[in-house]
A.B. asks: 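My questions will all concern the structure given below.
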Number of protein chains: 2
Amino acid sequence: MDDQAIPLDAETKAVEMPEDHREELRLWLRILTCTTLIEGEVRRRLREQFDVTLPRFDLMAQLDKAPDGMTLSDLSKRMMVSNGNLTGLVDRLVASGHIVRTASPTDRRASVISLTESGRAEFRTMAAEHEHWIAELFGDLTEKDRGELMRLLGKTKLSARRAIQGEGQ
Amino acid sequence: MDDQAIPLDAETKAVEMPEDHREELRLWLRILTCTTLIEGEVRRRLREQFDVTLPRFDLMAQLDKAPDGMTLSDLSKRMMVSNGNLTGLVDRLVASGHIVRTASPTDRRASVISLTESGRAEFRTMAAEHEHWIAELFGDLTEKDRGELMRLLGKTKLSARRAIQGEGQ
DNA sequence: CTAATTTATTTTAAGCTTAAAATAATTGCT
DNA sequence: AGCAATTATTTTAAGCTTAAAATAAATTAG
C-alpha cells in the first residue's frame with residue numbers, strides 16, 4: 001500500500017505499525033448515531049402523542065406477543081434489562097392500569113405479568129402509529145438497501161455475541 | 001408482482017391491503033439489538049477495567065478532540081444529550097479530577113471545559129483498549145462488509161434526519 | 001439606549017438503569 | 001428427608017437522563 005522511502009521488512013512493520021482500528025470505531029459510532037437519532041425521535045413522539053415512555057412501550061410490546069403473560073425473568077431476558085429495573089417499571093404500569101400482576105400458580109416466587117384489556121387496546125393503537133414512524137424514518141432506503149442492511153446487522157449481531165461469549169469461557 | 005386468483009384493481013387493493021411495514025420494524029429492532037449488545041459490553045468492560053462509566057468516557061472523548069476545550073452547549077450538541085444532563089456529568093468529572101471548568105473570557109454565561117493532564121493521559125489509555133474491543137466485537141465482518149454497512153448506515157442517518165427535520169417545518 | 005429576544009446554563013421533579021446485596025422459594029443431590 | 005445450589009424477585013445506593021422552568025448574560029431591533 002504505502003511504499004515509503006525507508007524499506008521495512010514485514011516483521012518490523014508489524015511491530016512498528018500495529019493495526020489501527022479507526023475504521024471499526026467509525027462504524028460503531030455511526031451505528032450509535034443512527035440509534036440515538038431514531039430512538040430519540042420515537043421517544044419524543046411517544047411522549048407527545050401518547051404520553052408514554054419508551055421503556056413502557058417496549059414492555060407492553062413484549063406482553064402483546066405473549067397472550068398468557070410473562071414472568072419478570074422472561075421480560076428481563078427479552079428486553080435485555082436488569083431485574084431490578086423491571087420491578088419499578090412493572091409497578092408503574094400496574095399503577096396506570098396497563099398491566100396486571102398475577103401470582104404464578106406453579107411457582108410461589110414468581111409473578112406473571114399480562115396486559116389488561118384496555119392496556120392491550122391502547123398498546124395496539126400506539127404500535128400502529130409507531131410502525132408508520134419507523135417506516136417514515138427509514139423511508140429513503142430501497143427494499144434492497146433494507147435487505148442488505150438486515151443481513152449485515154445479522155452478521156454483526158453474531159460477531160458481537162461470539163466476542164462476548166467467547167471471552168467469558 | 002403477486003398475481004393472485006382473485007383480481008383486484010389498484011384502488012381496491014390499496015384500501016384492502018394498506019402497506020404494512022413489518023420489515024422496517026424488524027430492521028429497526030435489529031439495529032437496536034446490535035447497539036444494546038455492544039454498548040452493554042463496552043459499558044461492562046469500562047466499569048470493570050477502568051472503573052469509569054460510558055457517559056464519562058464519551059464526554060472525555062469529545063474533549064480529547066478539542067485541545068482548547070468546549071462549552072457545555074458544544075458538548076450537548078455533539079453528544080446529543082440535554083444540557084441539564086451535562087451539568088451533573090461535568091460536576092462529577094471535575095470532582096474526580098479528570099476535567100476542569102474555566103470561565104469563558106468572552107462570555108460570562110459560559111464556561112469552558114477541558115481535560116486535565118492526568119485526565120487526558122487516563123483517557124488515552126482507555127481509548128486504546130476501547131478501540132481493540134470494538135475491533136474484536138466487529139471481528140467477523142470483512143472489510144467489504146464494513147464498508148457496505150457504513151454506506152447503508154450513512155443513508156439511514158440521512159433518511160432519519162430528513163424525516164425528523166421535514167416534519168418540524 | 002432600552003426593550004424584546006435569544007442563548008448558556010442550572011435547577012427541579014420524575015423516571016430510567018445498573019450492580020450488588022438481600023429474601024424467599026425451588027430444585028438437585030445424597 | 002435434609003442440605004446445597006440455583007432461581008425469581010426486591011431492595012438499595014448511585015448515577016444517568018430528560019423536559020420544563022428559572023436565572024442570567026448577550027444580542028438584536030427600534
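Protein chains get the first letters and strands the later ones, always in sequence-line order, with residue 1 at the start of each. Keep in mind that this is a model prediction, so the values were computed, not measured.
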A.B. asks: What residue pairs, at least two apart or across chains, pass salt bridge (Lys or Arg N to Asp or Glu O under 4.0 Å) with a residue in residues 46-61 of chain B?
C.D. replies: R44(B)-E48(B)
A.B. asks: Can you tell me how far P of dT17(D) sits from CG of L86(B), to the nearest Å?
C.D. replies: 9 Å
A.B. asks: Inspect the contact between R151(A) and E148(B) and indicate whether a charged nitrogen and a carboxylate oxygen are less than 4.0 angstrom apart.
C.D. replies: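 Result for this pair is no, no salt bridge flagged.
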A.B. asks: Sorted by first residue and then second, give each ring pair (Phe, Tyr, Trp, His ring centres under 6.0 Å) pair with at least one member in residues 48-73 of chain B; sequence neighbours left out.
C.D. replies: F57(B)-F123(B), F57(B)-H130(B)
A.B. asks: Partners of N85(B) by side chain to side chain contact (heavy atoms under 4.5 Å, CB included), sequence neighbours excluded?
C.D. replies: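 N85(B): side chain to side chain contact (heavy atoms under 4.5 Å, CB included) contacts with V81(B), S82(B).
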A.B. asks: For K155(B), does its backbone N or O pair with a side-chain atom of S159(B) as donor and acceptor, under 3.5 Å?
C.D. replies: no
A.B. asks: Among the candidates dT10(D), dT17(D), dG15(C), find the nucleotide nearest to the side-chain atoms of R56(A).
C.D. replies: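 Closest of the options to the side chain of R56(A): dG15(C).
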A.B. asks: Where along residues 88-103 of chain B does a heavy atom fall under 4.0 Å from DNA chain D?
C.D. replies: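 Close to the strand are L89(B), R92(B).
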A.B. asks: Between R43(A) and T87(A), who's closer to the 5' end of DNA chain D by nearest nucleotide?
C.D. replies: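 Per heavy-atom nearest nucleotide, the more 5' residue is T87(A).
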A.B. asks: Verify the contact: side-chain N or O of S104(B) to OP1 or OP2 of dA8(C), cut-off strictly under 4.0 Å; return yes or no.
C.D. replies: no
A.B. asks: Which part of the nucleic acid does T71(A) contact within heavy-atom distance under 4.0 Å: base, sugar-phosphate only, or nothing?
C.D. replies: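 Touches sugar-phosphate only.
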A.B. asks: Applying salt bridge (Lys or Arg N to Asp or Glu O under 4.0 Å), can you list everything that pairs with R26(B), at least two apart in sequence or on another chain?
C.D. replies: none
A.B. asks: Closest approach to the side chain of A110(A), judged atom by atom: which nucleotide of dG15(D), dT9(D), dT18(D) is it?
C.D. replies: dT9(D)
A.B. asks: Between the protein and nucleotides 19-23 of chain D, list the N/O to N/O atom pairs that are separated by less than 3.5 angstrom.
C.D. replies:
from, atom 1, to, atom 2, distance (Å)
dA19(D), OP1, R47(A), NH2, 3.3

A.B. asks: Answer yes or no: is there a side-chain heavy-atom contact under 4.5 Å between T33(B) and W28(B)?
C.D. replies: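 They are not in side-chain contact.
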A.B. asks: Using a heavy-atom cut-off of 4.0 Å across all strands, would you classify S111(A) as base, sugar-phosphate, or nothing?
C.D. replies: sugar-phosphate
A.B. asks: If you restrict it to nitrogen or oxygen atoms, what contacts under 3.5 Å exist between nucleotides 26-29 of chain C and the protein, and what is each distance?
C.D. replies:
from, atom 1, to, atom 2, distance (Å)
dT26(C), OP1, R108(A), N, 3.1

A.B. asks: If you look only at pairs with a residue in residues 59-69 of chain B, which of them pass as a side-chain hydrogen bond (donor to acceptor under 3.5 Å, both in side chains), with sequence neighbours excluded?
C.D. replies: Q62(B)-R78(B), D64(B)-R120(B), D64(B)-R124(B)
A.B. asks: Can you identify which nucleotide, out of dA8(C), dT9(D), dT18(D), has its nearest atom closest to the S73(B) side chain?
C.D. replies: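 Between dA8(C), dT9(D), dT18(D), the one nearest the side chain of S73(B) would be dA8(C).
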A.B. asks: What integer distance in Å separates N83(A):CG from dT23(C):C1'?
C.D. replies: 14 Å
A.B. asks: CG of L59(B) versus C1' of dC16(D): gap in Å, rounded?
C.D. replies: 13 Å
A.B. asks: With sequence neighbours excluded, give me every salt bridge (Lys or Arg N to Asp or Glu O under 4.0 Å) pair touching residues 126-135 of chain B.
C.D. replies: none
A.B. asks: Quick one: list whatever passes salt bridge (Lys or Arg N to Asp or Glu O under 4.0 Å) with R101(B), sequence neighbours left out.
C.D. replies: D91(B)
A.B. asks: Taking only residues two or more places apart in sequence or in another chain, which ones pass side chain to side chain contact (heavy atoms under 4.5 Å, CB included) with S104(B)?
C.D. replies: T106(B), D107(B), A110(B), V112(B)
A.B. asks: In whole angstrom, what separates D51(A)'s CG from dA14(C)'s P?
C.D. replies: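 Between P of dA14(C) and CG of D51(A): 14 Å.
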A.B. asks: In whole angstrom, give the distance that lies between atom CD of E48(A) and atom C1' of dT18(D).
C.D. replies: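 After rounding, the gap between these two atoms is 13 Å.
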A.B. asks: Provide, to the nearest angstrom, the distance between the CE atom belonging to M80(A) and the P atom belonging to dC16(C).
C.D. replies: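 Answer to the nearest Å: 19 Å.
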A.B. asks: Can you measure M70(A) atom CE to dT9(D) atom P for me and round it to whole angstrom units?
C.D. replies: 11 Å
A.B. asks: With heavy atoms under 4.0 Å as the rule, sort S76(A) into base, sugar-phosphate or nothing.
C.D. replies: nothing
A.B. asks: By the ring pair (Phe, Tyr, Trp, His ring centres under 6.0 Å) test, which pairs, at least two apart or in different chains, include something from residues 73-106 of chain A?
C.D. replies: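 Counting only pairs at least two positions apart or across chains, no ring pair (Phe, Tyr, Trp, His ring centres under 6.0 Å) contact touches residues 73-106 of chain A.
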A.B. asks: Tell me: CG of L54(A) to P of dC16(D), nearest whole Å?
C.D. replies: 20 Å
